[in-house]
Trainee: 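Got a structure for you, questions after.
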Amino acid sequence: MSELFPQTRYQRRVTRQLHVGDVAVGGGAPISIQSMTTTKTADVEGTLQQIYALAGAGCDIVRCTCNEQESAEGLAHIIPRSPLPIIADIHHQYRRALEAMEAGVQGLRLNPGNIRRPEHIKAVALEAKDRGIPIRIGVNGGSLDPELYEKYGGRVTAEAMVESAKRELAYFEEVGFDDVKISVKASNVALMIDAYRLLADTVDYPLHLGVTEAGPPPAGLVKATAGMATLLAEGIGDTIRYSLTADPVEEVRAGRWLLESLGLRERRGLDLIACPSCGRAEVDVIDVAARAQEALTDLNIPIQVAVMGCVVNGPGEAREADLGIAAGRKRGHLFVKGEVVKVVPESEMVESLVEWAQIIADGGVEEALRRKDEGAAAEAEADRMALLDDKGVDANHAEERIELIRKLD
Ligand code: SF4
């Protein structure tokens, strides 16, 4: 199999460490993936169903809203049955935080813009300290303390957001509580990046990254990725959440893809690559790739699979993939690490990929290579040569275009 956890080149920022249940955050721990349930927390069965779906997708920590007493009561039922540690999201009422701790949550998130009375903040911190529960100071550009908003000229700035976090920290320090992580989220990506950079220079607490209210995919995905990937590549960030207007399972998948593609988490699921298609393509690559993605995702196998439009260049271009298929002359050439192992009819391309992915999952690349059809390589080469004869070496007509370009002079 391909290297599952390539050595990351990013020097991680040194932070303290805390634990949300049994998940370590900061201090060199793997970057954790969070999401948030969209159900009413009082709906115990519905919320648990969603939590199980999130866990299955690779979520590490889940957040549930705790905005009314019924939510806290729901948490009391949910927590003992949850496969993931739960953080209660507290809105305006500090009492909900006390209730959530009573229910057994493994973490709290407080928004300093919403709970502003020092005695309330300190009461929550004291209780969290006694119970050993970490708190995230979750500053949000959209709900900044109005006083800070005014102080910084009626604008949300990186400095204002960091000051909000520091004020909350000061209250915590007064009662000797430091089991803290911090976020300074904004929906404006540039602002969010500035705020996290400033915060990272100011404190050594673990940081929770996110672009808030990023919106629906694909634009929301791009915005959130732009913000978080920039910071992660600078070593900033210890836990992440995609805030998408979508099924929260999509948030978790995006989080895993981001961390896996940066080499910051071990690959857990499928990595499907596909060629962009060109004048050589012998099949509708978009359609085959979409069907392959759907068929293979459910297998949850940590391999890289390539779907390539032609047998002339496909196996070579994707020779690093664990498994791949390339189209040619109404057939599919299956290859493992660039070596053709079987030639199948075009109509069976996707099901053959699934079959061979399972062989690799069960016995590794070596087993797949051991099972290769002896005649496959020769058959594949014959198809390849025939296509080269049909279309020549310049199927994309690049030389013709170059001629036209030169005539313009
Ligand atoms: S040469 Fe073949 S594999 Fe490469 S982009 Fe074109 S169709 Fe895809």
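Start at 1 and go down the list; that is how both ligands and their atoms are numbered.
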Trainee: Is any NZ, NE, NH1 or NH2 atom of the basic residue among Glu45 and Arg81 found under 4.0 Å from an Asp or Glu carboxylate oxygen of the other?
Mentor: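 Yes, this pair counts.
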Trainee: Can you tell me which residue and heavy atom of the protein come closest to atom 1 (S) of ligand 1, and the distance to 0.1 Å?
Mentor: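 That would be Asn313 ND2, 3.2 Å.
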Trainee: I need the nearest protein heavy-atom contact for atom 4 (Fe) of ligand 1: residue, atom name and distance, please.
Mentor: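 Residue, atom and distance for the closest contact: Glu317 OE1, 2.7 Å.
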Trainee: Heavy atoms, side chains only, cut-off 4.5 Å: are Arg253 and Val249 in contact?
Mentor: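 Side chain of Arg253 against side chain of Val249, heavy atoms only: contact under 4.5 Å found.
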Trainee: Would you say Cys310 reaches atom 2 (Fe) of ligand 1 with an N/O/S atom under 2.8 Å?
Mentor: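 True for Cys310.
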Trainee: Just wondering, are more than 12 heavy atoms of other shown residues or ligands nearer than 6.0 Å to CD in Gln49?
Mentor: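 No.
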Trainee: Report, in ascending order of atom number, the atoms of ligand 1 lying under 4.0 Å from any heavy atom of Gly309.
Mentor: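 Counting atoms of ligand 1 from 1, those under 4.0 Å from Gly309 are 3 (S), 7 (S), 8 (Fe).
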Trainee: Residue-level breakdown please: for Glu282 versus ligand 1, do any non-hydrogen atoms fall below 4.0 Å on the side chain, on the backbone, on both, or on neither?
Mentor: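 For Glu282, there is no contact with ligand 1 at all, from either part.
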Trainee: Do NZ/NE/NH1/NH2 and the carboxylate oxygens of Glu348 and Lys342 come within less than 4.0 Å?
Mentor: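 Judged by the 4.0 Å cut-off on N to carboxylate O distance, Glu348 and Lys342 do not form a salt bridge.
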Trainee: Pull out every atom of ligand 1 sitting under 4.0 Å from any heavy atom of Cys275, numbered as shown with elements.
Mentor: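 Close to Cys275: 3 (S), 5 (S), 8 (Fe).
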Trainee: Which label fits Phe177 and Phe172: parallel for a plane angle under 30°, tilted from 30 to 60°, or perpendicular past 60°?
Mentor: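 Aromatic pair Phe177/Phe172 classed perpendicular.
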Trainee: Numbering the atoms of ligand 1 from 1, which are under 4.0 Å from a heavy atom of Ala281?
Mentor: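 Ligand 1 atoms under the 4.0 Å threshold to Ala281: 7 (S).
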Trainee: Main chain of Gly58, side chain of Arg256: is a donor-acceptor contact present, judged purely on distance under 3.5 Å?
Mentor: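 Side chain of Arg256 to backbone of Gly58: a pair is present.
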Trainee: How far is atom 6 (Fe) of ligand 1 from its nearest protein heavy atom, and which residue and atom is that?
Mentor: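 Nearest protein contact, heavy atoms only, for atom 6 (Fe) of ligand 1 is Cys278 SG, 2.2 Å.
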